[in-house]
Amino acid sequence: MRPYLRPISLLCAALITACSHETALPLNGTLERDRIELVAEDQEPVVEIAVHEGDRVKAGQLILRLDDSRYRTLVAQTRAARDQAAARIGGAEATLTAAEKDFDRTQKLVAQHTRSVADLDRSRAELDNARSTLGADRAALAQTQATLDQDQITLDRLTLRAPRDATVDSLPYHIGERPPIHAVVAVLLDASGAYAQIYVPEPLRTGIHPGLKAVIRFDGGDKPYAATVRYVSADAAFTPYYALNERDRSRLAYLAKVYLDDSDGSDLPTGAPVSVDFPELHR
């Protein structure tokens, strides 16, 4: 069964159960893991793929690399421009200091009638020009630094690493191919939390809540897996309850996620059919 059809089939099964008023446990679902999608930061060719589909990877482990030669050149050029802008700041600050001293001295001399007002106006213009030049140089430095920071971020992101422990699910591109910008180049499945995805019929909704203990079983296996409900949707999967009468409300179903309590299910396949029971609801 195609993955995108699975939630629809689960919902239909839940609705059939609810419509026939058969709300007996357990509830059927599938084992799921959160998807982690790594995307291409820019349209550069794939130059290295360090893993294979199905591999277990650790957080920080290299997944693949896109060609970073263009961005390495950009970073080097922008860093040189940043350094030049920083050097100009030093010269502009020295010029401003000299202009401030000259203006202060000219003011005193004008007050003593040993310099003319025209000399003061000229000194003031030089001071204003020095301040303007320093402001422009500082703005240029800030802009260049921002460009350098962005180029460095893009350069770093051309090397894609696993953000957490995971299983490699899909590698849609091969070495030499050039993925479009923001295209998904690797799909990982989070290894830290497998969960059963189920749809809860409305008659059972009030009894199933986050924190409720559960038991998960897999087709073809007798081993029970301890689990806990972490999420139940507040909204029904279709028509809102307030638009239905009491009989029709029994047809509602709510998405729920029931997480395995430990890692002993790490080898269980994603997408496997499961049944989920809630011992407390039998009491």
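Given the structure is predicted, the values throughout are model-derived calculations rather than measurements.
- Classification of the Tyr259-Tyr195 ring pair by plane angle, with boundaries at 30° and 60°, yields tilted.
- The hydrophobic clustering, which links ILVMFWY residues whose side-chain heavy atoms are closer than 4.5 Å, places Val46 and Val39 apart.
- Using modelled atom types, no side-chain atom of Asp151 and backbone atom of Leu148 make a donor-acceptor pair closer than 3.5 Å.
- With values rounded to the nearest 0.5 angstrom, Glu41 atom CD is found 10.5 Å from Leu155 atom CG.
- Considering every non-hydrogen atom in both Val215 and Pro224, the closest pair reads CG1-CB, 3.5 Å.
- When side chains are defined from C-beta on, Thr144 counts as touching Thr78, because their heavy atoms get closer than 4.5 Å.
- The shortest non-hydrogen separation linking Glu280 to Leu212 is OE1-CD1, 3.3 Å.
- A heavy-atom distance below 4.5 Å is found between the side chains of Tyr225 and Leu268.
- Applying the salt bridge (charged side-chain N to carboxylate O under 4.0 Å, His left out) test to residues at least two apart or on different chains, the pairs with a partner in residues 129-147 are Glu93-Arg138.
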Q: Tell me, with the steps shown, if Val47 and Leu66 meet side-chain contact (heavy atoms from CB on, under 4.5 Å).
A: CA-CA 5 Å; Val47 295; Leu66 303 175; 5.9 Å; no
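- Distance alone, capped at 3.5 Å, is enough to place a donor-acceptor pair between the Thr154 side chain and the Gln150 backbone.
- Asp149 meets the side-chain hydrogen bond (donor to acceptor under 3.5 Å, both in side chains) test with Gln145; sequence neighbours excluded.
- For the 3.5 Å distance criterion, the side chains of Asp119 and Ser116 qualify, holding a donor opposite an acceptor.
- Summarising the geometry of Ile208 relative to Val200, their closest heavy-atom pair is CD1-CG1, 3.6 Å, with the distance given to 0.1 Å.
- For Ala196 against Ile216, the heavy-atom pair with the smallest separation is CB-CD1, 3.7 Å.
- Residues Tyr254 and Glu202 are in side-chain contact: their nearest non-hydrogen atoms beyond the backbone lie under 4.5 Å apart.
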Q) Could you walk me through whether Lys101 and Asp104 pass the side-chain contact (heavy atoms from CB on, under 4.5 Å) check? A) CA-CA 5 Å; Lys101 291 179 178 179; Asp104 290 341; 5.7 Å; no
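- Side-chain contact check for Pro201 versus Leu252: every heavy-atom pair is 4.5 Å or farther apart.
- Other members of the cluster containing Leu109 do not exist, because no ILVMFWY side chain is joined to it at under 4.5 Å.
- With sequence neighbours left out, Arg65 forms a salt bridge (charged side-chain N to carboxylate O under 4.0 Å, His left out) with Glu48.
- Here the side chains of Asp169 and Arg35 are in contact, with some heavy-atom distance below 4.5 Å.
- Between Leu204 and Phe278, the closest side-chain pair of non-hydrogen atoms is not below 4.5 Å.
- Shown here are the salt bridge (charged side-chain N to carboxylate O under 4.0 Å, His left out) partners of Glu126, two or more places apart in sequence or in another chain: there are none.
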Q: Determine, step by step, whether Ile63 and Leu171 satisfy the side-chain contact (heavy atoms from CB on, under 4.5 Å) criterion, reporting the C-alpha distance in whole Å, the side-chain angles of both residues, the deciding distance to 0.1 Å, and the verdict.
A: CA-CA 9 Å; Ile63 304 300; Leu171 296 167; 4.2 Å; yes
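- Closest of all the heavy-atom pairs between Val232 and His209 is CG2-CA, 4.2 Å.
- With sequence neighbours left out, the side-chain contact (heavy atoms from CB on, under 4.5 Å) criterion links Ser233 to Tyr231, Asp235, Leu255.
- Within the 4.5 Å cutoff, the side chain of Val258 has heavy atoms near those of the Ile198 side chain.
- A donor atom on one side chain and an acceptor atom on the other are not found under 3.5 Å apart for Asn28 and Ser275.
- Partners of Asp121 under the salt bridge (charged side-chain N to carboxylate O under 4.0 Å, His left out) rule, at least two apart in sequence or in another chain, are Arg124.
- With sequence neighbours excluded, the residues that form a side-chain contact (heavy atoms from CB on, under 4.5 Å) with Lys58 are Gln61, Asp165.
- Val274 and Thr30 make their closest contact through CG2-N, 3.7 Å (heavy atoms, listed as atom of the first residue, atom of the second, distance).
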Donor-acceptor pairs are to be reported for all side-chain atoms of residues 69-77 against protein atoms at under 3.5 Å, with residues two or more places apart or in another chain.
{"residue": "Ser69", "atom": "OG", "partner": "Asp67", "partner atom": "OD1", "Å": "3.0"}
{"residue": "Ser69", "atom": "OG", "partner": "Asp67", "partner atom": "OD2", "Å": "3.4"}
{"residue": "Arg70", "atom": "NE", "partner": "Glu44", "partner atom": "OE2", "Å": "2.8"}
{"residue": "Arg70", "atom": "NH2", "partner": "Asp42", "partner atom": "OD2", "Å": "3.0"}
{"residue": "Arg70", "atom": "NH2", "partner": "Glu44", "partner atom": "OE2", "Å": "2.9"}
{"residue": "Tyr71", "atom": "OH", "partner": "Asp42", "partner atom": "OD2", "Å": "2.4"}
{"residue": "Arg72", "atom": "NE", "partner": "Asp68", "partner atom": "OD1", "Å": "3.4"}
{"residue": "Arg72", "atom": "NE", "partner": "Asp68", "partner atom": "OD2", "Å": "3.2"}
{"residue": "Arg72", "atom": "NH2", "partner": "Asp68", "partner atom": "OD2", "Å": "3.2"}
{"residue": "Thr73", "atom": "OG1", "partner": "Ser69", "partner atom": "O", "Å": "3.2"}

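- Thr167 places none of its side-chain heavy atoms less than 4.5 Å from the side chain of Thr270.
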List the atom pairs, with distances to 0.1 Å, where a side-chain N or O of residues 173-188 and a protein N or O form a donor-acceptor pair under 3.5 Å, not counting sequence neighbours.
{"residue": "Glu177", "atom": "OE1", "partner": "His174", "partner atom": "N", "Å": "2.7"}
{"residue": "Arg178", "atom": "NH1", "partner": "Gln43", "partner atom": "O", "Å": "3.0"}

Q: Dump the intermediate steps for side-chain contact (heavy atoms from CB on, under 4.5 Å) on Gln107 and Val110, then the final yes or no.
A: CA-CA 5 Å; Gln107 273 189 314; Val110 169; 5.9 Å; no
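- In this structure, Gln112 CD and Lys108 NZ are separated by 9.0 Å, a value rounded to the nearest 0.5 Å.
- Each of Leu189 and Phe218 belongs to its own hydrophobic cluster when Ile, Leu, Val, Met, Phe, Trp and Tyr are linked at side-chain heavy-atom distances under 4.5 angstrom.
- For Asp102, the salt bridge (charged side-chain N to carboxylate O under 4.0 Å, His left out) test picks out Arg105, with sequence neighbours left out.
- Take His282 and apply the side-chain contact (heavy atoms from CB on, under 4.5 Å) test, not counting sequence neighbours, and it matches Leu25, Asp277.
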